[in-house]
Amino acid sequence: MLKKIVPNTVMFAKILVFINLFGYVFGGNNNLVGITILIILLVLMQEDLTKKPIENLIKLTSINLISGILTHLSSQNMWVGFSLNFVALATIGYFFSSRLNKTLVVPFGLHYLFMLYSPVTGIDFDKRLMGLVAGAVLVMITQFIIHPKSSQSENKPLELVEVNEDTSLYKTVRVIGRDYSVHRVRGAYAFRIGLITAITAFIVAFFNLQEGRWIVYTVFSLTELYSENCTIRSKQRVQGTIFGAVIILVLFVFIKDNSIRAMIILVGGYLDSFTTNYRDKMICVTVSVIASTALINNTLYAAVNRISYILIGTILALIVDKLVFKKQLNDFKEIKKIQE
């Protein structure tokens, strides 16, 4: 733990500087975009995109701009948004799970959802599009810094690489007279995550639920490729949310100064860098979220709201996991052998 303090503190400071700089250049309303671009950058640091730099730059730029435009259109009309959100998130779910995990699905999915729930118009939208292009360029610049040209590693990210070519994992689907080979696990996952997230986003918009985005984030985060993981993560998310809410309620009983309360938001984010499991991460996230909301609303109201929405999202995710194309890892011995 002590060995992590210095590097984690330095990294946290760099993150704060980047987010503030991004907001200064592209507008404060686009701060969340800066956060998700940074997350994508950090995740892709584990990969080497330098073997096909132009191709990967075009892919990243296209993904960013398409996400930005679709979320803009979706936020304007809930009916149009339902279709666009389903297509966008199902596409992200399928193509970014090519290695049968959510390593790339989560950052690109949250990238989409954060833009959906921080809509901008006019000059701010223009700045958002410029920021998305700049984000793609920044990712590639970072790639050349951490992966010198002498690197012999394979260029696999953003390539639709299949983990297993066993034909038993695929089924043929006919669409408009053409046959397509669809991976059984990834296809089911893509449909589930696209459907449940789109439906939830529509309901939130239809009833104009304050902070309803928490339900959407929850169903997106808890929808898994395999049912076993959904059950485990659901339990951890609920536990982390309740523990985090209790912590912030106790702290705010003694802390009345808003400037100190605001500092707790940063403390929660800082401590998140030390977490090693999903439950503890949710504790830190909950502390930060409720603390920020409580600066405007009553603390108890914010805590109850957060817990209620997380519970609703969790229940919805579990229901869809059980009823819509349920897949269990134990049912796919070929995949289980690879992951072991």
Side-chain angles (χ1 to χ4, degrees), residues 11-45 49 53-78 80-81 83-85 87-89 91-92 96 104-145 158 197 201 204-205 208 210-214 216-217 220 262 265-266 269 285 288-289 292-293 295-296:
M11 176 60 76
F12 185 70
K14 290 180 179 178
I15 290 173
L16 291 180
V17 170
F18 174 83
I19 294 172
N20 280 282
L21 183 61
F22 190 93
Y24 177 78
V25 176
F26 300 107
N29 290 330
N30 288 314
N31 274 346
L32 282 178
V33 177
I35 293 173
T36 53
I37 285 176
L38 185 59
I39 293 173
I40 290 172
L41 184 152
L42 294 174
V43 170
L44 290 179
M45 283 175 65
L49 303 180
I54 302 301
E55 179 181 332
N56 285 325
L57 175 60
I58 292 174
K59 285 182 179 180
L60 284 169
T61 303
S62 299
I63 292 167
N64 278 354
L65 289 178
I66 291 173
S67 294
I69 293 171
L70 290 184
T71 52
H72 179 69
L73 295 174
S74 296
S75 66
Q76 303 298 310
N77 185 295
M78 71 180 78
V80 173
S83 299
L84 295 182
N85 291 336
V87 171
L89 290 162
T91 300
I92 290 172
F96 286 106
L104 293 177
V105 174
V106 171
F108 282 98
L110 289 179
H111 188 45
Y112 182 90
L113 292 177
F114 278 18
M115 286 192 285
L116 179 65
Y117 287 107
S118 59
V120 291
T121 56
I123 188 65
D124 284 332
F125 179 63
D126 295 337
K127 289 182 177 180
R128 172 166 293 184
L129 295 181
M130 289 187 288
L132 291 170
V133 174
V137 173
L138 181 61
V139 169
M140 290 309 302
I141 291 175
T142 305
Q143 284 286 314
F144 281 105
I145 293 173
L158 300 185
T197 310
V204 167
N208 193 26
Q210 185 180 16
E211 310 299 350
R213 65 184 183 279
W214 293 342
V216 181
Y217 295 158
F220 171 79
I265 301 173
L266 295 178
V285 170
S288 293
V289 170
S292 63
T293 307
L295 293 176
I296 303 173

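Computed from a predicted model, the values in this text were never measured in an experiment.
- Minimum heavy-atom separation, Tyr112 to Ile92: CB-CD1, 4.3 Å.
- Here the straight-line distance linking atom CG of Asn30 with atom CE of Met130 works out to 9.0 Å at 0.5 Å rounding.
- The closest donor-acceptor contact from the side chain of Ser288 to the backbone of Gly269 lies under 3.5 Å.
- Under the side-chain hydrogen bond (donor to acceptor under 3.5 Å, both in side chains) criterion, Thr91 pairs with no residue, sequence neighbours left out.
- Judged by distance alone, the side chains of Ser118 and Arg128 do bring a donor and an acceptor atom under 3.5 Å apart.
- Ring planes of Phe108 and His111: perpendicular class, angle over 60° (limits at 30 and 60°).
- With values rounded to the nearest 0.5 angstrom, Met45 atom CE is found 9.0 Å from Ile145 atom CD1.
- Put simply, the side chain of Phe26 does not reach to within 4.5 Å of the side chain of Val33, judged on heavy atoms.
- Taken from NZ in Lys59 to OG1 in Thr61, the straight-line distance is 12.5 Å, to the nearest 0.5 Å.
- In this structure, Ser74 OG and Asn85 CG are separated by 4.0 Å, a value rounded to the nearest 0.5 Å.
- Within the model, atoms CG of Asn29 and CD1 of Ile123 stand 12.0 Å from one another, a figure rounded to the nearest 0.5 Å.
- Atom CG of Asn20 and atom CG of Asn31 lie 7.0 Å apart (nearest 0.5 Å).
- Not one N or O on the side chain of Gln143 forms a donor-acceptor pair closer than 3.5 Å with the backbone of Pro53.
- The aromatic rings of His72 and Phe125 sit parallel, their planes meeting at an angle under 30°, below the 60° perpendicular limit.
- A side chain to side chain contact (heavy atoms under 4.5 Å, CB included) with Leu60 is found for one member of Ile37, Leu65, Leu49, Leu132 and no other, namely Leu49.
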